[in-house]
Number of protein chains: 2
Amino acid sequence: MAPADTKQTILDAAEELLAEQGYAATSLRQLTARAGVNLAAVHYHFGGKEALAKAVLARRIAPINAERLRRLAALPAGNRDTAAIVRAFVEPPLRAGAGGGASPGARLCRVFGRVMVEQPPFLRAFLARQFRGVARRFEAALADALPGLDRAATWWRLHFVIGAMAHTLQNSEALSHLTGGACDAGDVDALIEHLVAFATGGLRAPTARRRRRPA
Amino acid sequence: MAPADTKQTILDAAEELLAEQGYAATSLRQLTARAGVNLAAVHYHFGGKEALAKAVLARRIAPINAERLRRLAALPAGNRDTAAIVRAFVEPPLRAGAGGGASPGARLCRVFGRVMVEQPPFLRAFLARQFRGVARRFEAALADALPGLDRAATWWRLHFVIGAMAHTLQNSEALSHLTGGACDAGDVDALIEHLVAFATGGLRAPTARRRRRPA
DNA sequence: GTCTATATAGCGATAGAC
DNA sequence: GTCTATCGCTATATAGAC
């Protein structure tokens, strides 16, 4: 096997297993067995398990976030179209790796949803650094498009959109099964339209007045 | 230590660690050290690590789902108040264990959000069984309240609400930090109002027409 | 019911031959 | 760059004394 291939093979297998099982539950032995490479190759090429996980994430996150910012910047100045902002935010990760639009791509990008919720301690700072700038820019764009919303509400709602997206990246196949196929996890286009419609409606919702605490 | 106390102590420590680290990353040694009990006591009282995890989850999920169904049943017949349905769904888990409403309770119920996304293989069937009935009843209630929505859209949107809730259970402290305290994860009342307003707006949003695939 | 001691297995990581 | 062999450690689980 050519040297460059080994590194890519390890990255691909790691991405697959991280998406399926998460970081803690995936062992390097299982990974190298599936990839058909030697155990020591992981340490030679990446330095260890933690560094490998960061490499897997960086390979996907960087282009996704670049694409998000590119789409956000392409919106007209003074944009008030909330749906367009949502679309710029959720479409790049949902389409990541989905070259064919079918399930193999869906599996590839699930690692994204997985690590967003697992967050092993050593990844927390790494992930926060990767996403903080993008979150700030989208929050600002949403605040401009929705001037009636105070900042706390804007942040909370962006947080909810991220949650809906992450949960979908992670669990949409279970929903396909539960609904007997009525919700098709492989239909990325339909999924995106459903999510954009829902998120836009949620972001535009009137702010609730504070309720009294129930007794 | 009295016998009954040992079992409870183990459950409490397990819940805490599962919430913080997840299933795979938590070892029985770490758990028993924190609980101040012997390693063998876990196997004596529960039979093993997997059975312990199921016991931790069942202790919280059963009363939460019972309370959800109780609140749903308490709504008037022919109910069209989407917000009331959402509230019946999200308030029990968000308030679970939050006796004081402060952060210790928030920590207790995070295990809920954690396992909803981690899903070790042996828990998948267990969790599906715990939640399937509740999900079906709430989907039916939403379909009644929102007759303009087709079934696939109703299921997708319920799925998004679950995602927003799970992500919040799991990560709201990170949001507190990111916003410099403007979003206070310890303020359960405010959180619930934000989530209910967002989810209701998302559920009521007009269904998107199908877009053409981008080139 | 609680403890010590241990069985059995798997882990990440590394040294050193090739 | 790739391999074998292994170190040092931790994991879950259990046997058996008390």
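In what follows, every chain begins at residue 1, and chains take the letters A, B, ... in the order their sequences are listed. Nothing here was measured: the structure is a model prediction, and the numbers come from that model.
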What is the separation between atom [atom1] on [X] and atom [atom2] on [N], rounded to the nearest whole Å?
X	N	atom1	atom2	result
A:Leu17	C:dG12	CG	P	12 Å
A:His45	D:dC3	NE2	P	9 Å
A:Lys7	D:dG1	NZ	C1'	12 Å
A:Gln8	D:dG1	CD	C1'	16 Å
B:Tyr23	D:dA11	OH	P	13 Å
A:Ile10	D:dC3	CD1	C1'	13 Å
A:Asn38	C:dG16	CG	P	17 Å
A:Leu39	C:dA13	CG	C1'	8 Å

Residues 119-133 of chain B vs salt bridge (Lys or Arg N to Asp or Glu O under 4.0 Å), sequence neighbours excluded, gives none
From C:dC3, C:dG12, C:dA15, pick the nucleotide closest to the side chain of A:His43? C:dG12
Would you mind classifying the nucleic acid contact of B:Ala41 as base, sugar-phosphate or nothing, using non-hydrogen atoms under 4.0 angstrom? nothing
Would you mind classifying the nucleic acid contact of B:Thr32 as base, sugar-phosphate or nothing, using non-hydrogen atoms under 4.0 angstrom? nothing
Does anything in residues 46-59 of chain B reach DNA chain C, meaning a heavy atom under 4.0 Å, and if so which residues? none
Between the base of C:dG10 and the side chain of A:Arg29, is there a donor and acceptor pair under 3.5 angstrom? no
Using a cut-off of 6.0 Å, state whether more than 12 heavy atoms not belonging to B:Arg59 lie near its atom CZ. yes
Worked check of salt bridge (Lys or Arg N to Asp or Glu O under 4.0 Å) between B:Lys54 and B:Glu50: CA-CA 6 Å; B:Lys54 288 183 186 175; B:Glu50 294 193 359; 5.5 Å; no
Give me the ring orientation class for B:Phe160 and B:Trp156: parallel if the planes are under 30° apart, tilted from 30 to 60°, perpendicular past 60°. parallel
Pair up each side-chain donor or acceptor in residues 29-36 of chain A with any protein partner under 3.5 Å, not counting sequence neighbours, and list the distances.
residue: A:Gln30; atom: NE2; partner: A:Gln21; partner atom: OE1; Å: 3.4
residue: A:Thr32; atom: OG1; partner: A:Leu28; partner atom: O; Å: 2.9
residue: A:Thr32; atom: OG1; partner: A:Arg29; partner atom: O; Å: 3.2
residue: A:Arg34; atom: NH1; partner: A:Glu16; partner atom: OE2; Å: 2.4

